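To start, the structure under review is shown below, and the notes come after it.
The figures that follow rest on heavy atoms only: side chains count, while hydrogens, waters and symmetry mates do not. Indexing begins at 1, ligand by ligand and atom by atom, following the structure's order. Here the structure is a predicted model, which means the values were calculated and not measured. The chain is numbered in sequence order, starting from 1.
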Amino acid sequence: MALHVVMLGPPASGKGTQAVRLAQSRGIPKISTGDILREAAQSGTELGFRAKALMDRGELLGDAEMIGIVNERLARTDAANGYILDGFPRTVRQAEALDRMVHTEPLVVIDLAVPDEELLKRMQTRRVCSGCAAIAEPGSSMDACERCGGTMITRADDSDEQVRQHRLDVYARESKPLLDYYRGRPTFRSINGAQAPDKVAKELAAQIDQMLAVASRKRS
Ligand code: AMP
């Protein structure tokens with residue numbers, strides 16, 4: 001059964017880290033809209049140029065553009081057996097569009113809940129690979145990426161205090177309403193994302209297995 005997962009949660013809640021682990025263990029791609037935009041910015045495309053200006057200020061790109069990007073990405077063959085979406089949807093309009101794109105399988109929606117003080121701390125200390133976008137283990141002081149050997153850097157939108165706070169404000173205004181949008185569904189779960197990454201991963205895997213078991217019982 002194809003697995004379609006949406007990872008919700010504020011910036012630095014651990015969505016990216018957990019999405020990578022889950023994608024690896026289930027053999028399906030992680031699709032991160034932030035990574036797609038950062039790649040476009042590195043390649044110097046017109047989209048990348050516009051995206052970088054907005055990302056560096058902690059603003060969101062427009063819904064129509066993001067919906068178009070994700071629609072195209074989900075149509076690629078590697079997404080045929082499912083995917084983990086990280087960073088999309090970020091608004092209710094994006095969520096409505098996603099519901100129109102995915103109607104064969106239930107969408108598993110995972111919210112990672114983390115208090116604001118912890119998020120601000122994580123954003124300030126987070127380091128990512130400039131080459132492959134891998135996220136360093138918290139507290140790691142390695143200068144080279146363990147995966148590809150690339151240089152570990154601080155993301156531009158993590159390096160400014162005002163932008164860090166602004167992203168939390170944008171999350172509260174634009175993305176928190178998604179919790180009400182999804183909360184009533186039987187495939188929605190909220191997990192305490194302030195726990196150690198291994199613990200979050202374990203809980204996440206258990207919740208997904210339980211939801212898949214219920215779904216396959218209903219089918220048979
Ligand atoms: P992330 O890596 O998910 O933290 O995303 C980094 C930045 O990319 C965000 O702060 C936004 O500027 C932009 N972005 C990523 N995903 C979306 C989206 N679904 N809608 C609008 N903007 C997005």
Side-chain angles (χ1 to χ4, degrees), residues 4-20 22-23 29-43 45-74 83-102 107 109-112 114 116 118-120 122-136 152-179 181-182 193:
H4 300 108
V5 181
V6 166
M7 300 292 299
L8 295 181
S13 56
K15 298 190 297 293
T17 303
Q18 297 299 332
V20 170
L22 196 58
K30 169 192 105 137
I31 299 178
S32 154
T33 43
D35 285 353
I36 292 173
L37 297 174
R38 279 184 290 273
E39 265 166 44
Q42 267 186 357
S43 323
T45 61
E46 192 266 334
L47 161 70
F49 188 71
R50 273 185 297 115
K52 182 164 171 30
L54 289 165
M55 285 191 291
D56 286 355
R57 297 204 309 271
E59 302 289 351
L60 298 185
L61 274 86
D63 286 332
E65 184 143 63
M66 293 312 302
I67 290 164
I69 291 171
V70 170
N71 203 6
E72 251 173 52
R73 180 62 188 86
L74 298 191
Y83 42 77
I84 318 289
L85 271 174
D86 158 28
F88 185 95
R90 256 182 160 91
T91 65
V92 170
R93 266 193 69 200
Q94 293 180 12
E96 287 166 349
L98 182 62
D99 276 336
R100 288 192 293 273
M101 292 179 220
V102 187
L107 211 50
V109 182
I110 305 289
D111 169 51
L112 293 181
V114 179
D116 279 6
E118 171 71 13
L119 295 169
L120 287 167
R122 288 187 188 178
M123 280 191 252
Q124 207 171 349
T125 52
R126 167 163 69 178
R127 291 185 332 132
V128 298
C129 174
S130 57
C132 72
I135 306 156
M152 300 305 288
I153 54 160
T154 299
R155 267 169 53 167
D157 57 349
D158 277 343
S159 54
D160 181 290
E161 188 183 342
Q162 273 183 4
V163 174
R164 290 195 293 267
Q165 183 58 53
H166 184 60
R167 277 155 65 214
L168 293 188
D169 296 342
V170 169
Y171 172 79
R173 191 180 68 229
E174 304 289 341
S175 306
K176 254 198 178 149
L178 287 172
L179 300 182
Y181 182 81
Y182 287 123

In Å and rounded to the nearest 0.5 Å, what is the CD to CD1 distance from Gln18 to Ile110? 10.0 Å
Rounded to the nearest 0.5 Å, what separates atom CD1 in Ile67 from atom CZ in Arg100? 7.0 Å
Side-chain contact, heavy-atom cut-off 4.5 Å: His166 with Glu59? yes
Any chance you could measure Arg164, atom CZ, to Leu119, atom CG, to the nearest 0.5 Å? 12.0 Å
Check whether Ser159 reaches the backbone of Thr154 with its side chain - one donor and one acceptor, N or O, closer than 3.5 Å. no
Identified side chain to side chain contact (heavy atoms under 4.5 Å, CB included) counterpart of Ile69 within the set Ile31, Leu37, Leu74, Leu61: Leu37
Counting only heavy atoms and a distance below 4.0 Å, can you name the residues contacting ligand 1? Thr33, Gly34, Leu37, Arg38, Met55, Glu59, Leu60, Leu61, Met66, Gly87, Phe88, Arg90, Gln94, Arg155
